[in-house]
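The figures here come from the full heavy-atom set of this structure, side chains too, leaving out hydrogens, waters and symmetry mates. Keep in mind that this is a model prediction, so the values were computed, not measured.
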Amino acid sequence: MAAQFQFIARSGPETGKIYPLEGSEIIIGRDMGNNIAINDAEISRRHAKLNLQGSSYTILDLNSTNGTFINGQRISTSQLLNPGDTVSLGENIVLLYEAVYDPNATIASGSAPKTVAPAGRVTQTPVSTPVPTPTPAPAQMYSGQVPGSPDRKPAVPVKKSAGKVIIIILAVLLLCLILACIVFFVWVDSGSRWCTLSPLKWIVNTFGSLFGYGMCQ
């Protein structure tokens, strides 16, 4: 693949300017007769020289006053340039070394060639037919077989606690009534109040002879 090279000014009086590198020998300096002329006080009249060697350029400082630097390192002998290197001429001029590729060059493709089917022949892809899923047969009924009934929930036993509570309440009331009668009769008998109370007086006169009591006057 053919390649050409160029400098791009990153700093200096003409920042952004492109300097195409053409020829086997290129002189850079302040003198207008040089191949690349840069008018700056930091640059000597003949500052550096480029030589084409093989597929790239080398650069050599021509005993300039402020020196030539590659990637920040000052050079004293011929140095090979690689794309992406920065060339500084003195302190103010910085040039970026780039390779420019020919857009018309054939680019090799690593992809495998595609196979084209002959015209008029269509390749058919077999389509798999889905196998139908058999439907399960309904269960058969035999003679004497009783159809199953739906599940029934077990009957909840009736709670008898309410009836027990009522019986207990009635027993308590009956017991209280008996105790009240006993207390009442004891109270009446202890004070001889049988004939003082009108209801009791009638009861004594009516049933007293039956139980051995005297009659009330």
For the [atom1] atom of [X] and the [atom2] atom of [Y], what is their distance to the nearest 0.5 Å?
X	Y	atom1	atom2	result
Ile59	Gln79	CD1	CD	9.5 Å
Asp85	Ile70	CG	CD1	6.5 Å
Leu81	Leu95	CG	CG	10.5 Å

ask   = Linking I/L/V/M/F/W/Y whenever any side-chain heavy atoms sit under 4.5 Å apart, do Ile75 and Leu50 land together?
value = yes
Hydrophobic cluster membership, Ile166 vs Leu174, 4.5 Å side-chain cutoff = no
task = Evaluate the criterion side-chain contact (heavy atoms from CB on, under 4.5 Å) for residue pair Glu14 and Ile38; output intermediate values, then yes/no.
result = CA-CA 8 Å; Glu14 296 178 317; Ile38 301 176; 5.6 Å; no
Considering non-hydrogen atoms only, spot the tightest contact between [X] and [Y] and give its length.
X	Y	result
Ile36	Leu21	CD1-CD2, 3.7 Å
Asn35	Glu25	OD1-O, 3.8 Å
Leu60	Ser76	CD1-O, 4.4 Å
Pro20	Ile18	CD-O, 3.5 Å
Ser56	Tyr97	OG-OH, 3.1 Å
Met32	Ala37	CA-CB, 3.9 Å

request  = Could you walk me through whether Ile167 and Ile169 pass side-chain contact (heavy atoms from CB on, under 4.5 Å), step by step?
outcome  = CA-CA 5 Å; Ile167 294 174; Ile169 292 175; over 6 Å; no
inquiry  = Apply side-chain contact (heavy atoms from CB on, under 4.5 Å) to residues Asn34 and Asp31 and explain how you reach the verdict.
reply    = CA-CA 6 Å; Asn34 295 321; Asp31 195 337; 3.4 Å; yes
Mind listing the side-chain donor-acceptor pairs of residues 5-12 below 3.5 Å, one per line with the distance, residues two or more places apart or on another chain?
from	atom 1	to	atom 2	distance (Å)
Gln6	NE2	Glu98	OE1	3.4
Ser11	OG	Asn92	O	2.8
Ser11	OG	Val94	N	3.3

task = Indicate whether any N or O donor in one side chain lies under 3.5 Å from an N or O acceptor in the other, for Thr58 and Asn51.
result = no
Do the side chain of [X] and the main chain of [Y] share a donor and acceptor less than 3.5 angstrom apart?
X	Y	answer
Arg30	Ile43	yes
Asn71	Thr86	yes
Asp61	Ser64	yes

query = Does the pair Val87 and Ile28 meet the rule for a side-chain contact (heavy atoms from CB on, under 4.5 Å), with working shown?
reply = CA-CA 11 Å; Val87 177; Ile28 304 173; over 6 Å; no
message = Run the side-chain contact (heavy atoms from CB on, under 4.5 Å) test against Thr15 and tell me which residues pass, sequence neighbours left out.
response = none
request  = Can you sort out the partners of Asn66 under side-chain contact (heavy atoms from CB on, under 4.5 Å), two or more places apart, ordered by chain and number?
outcome  = Glu42
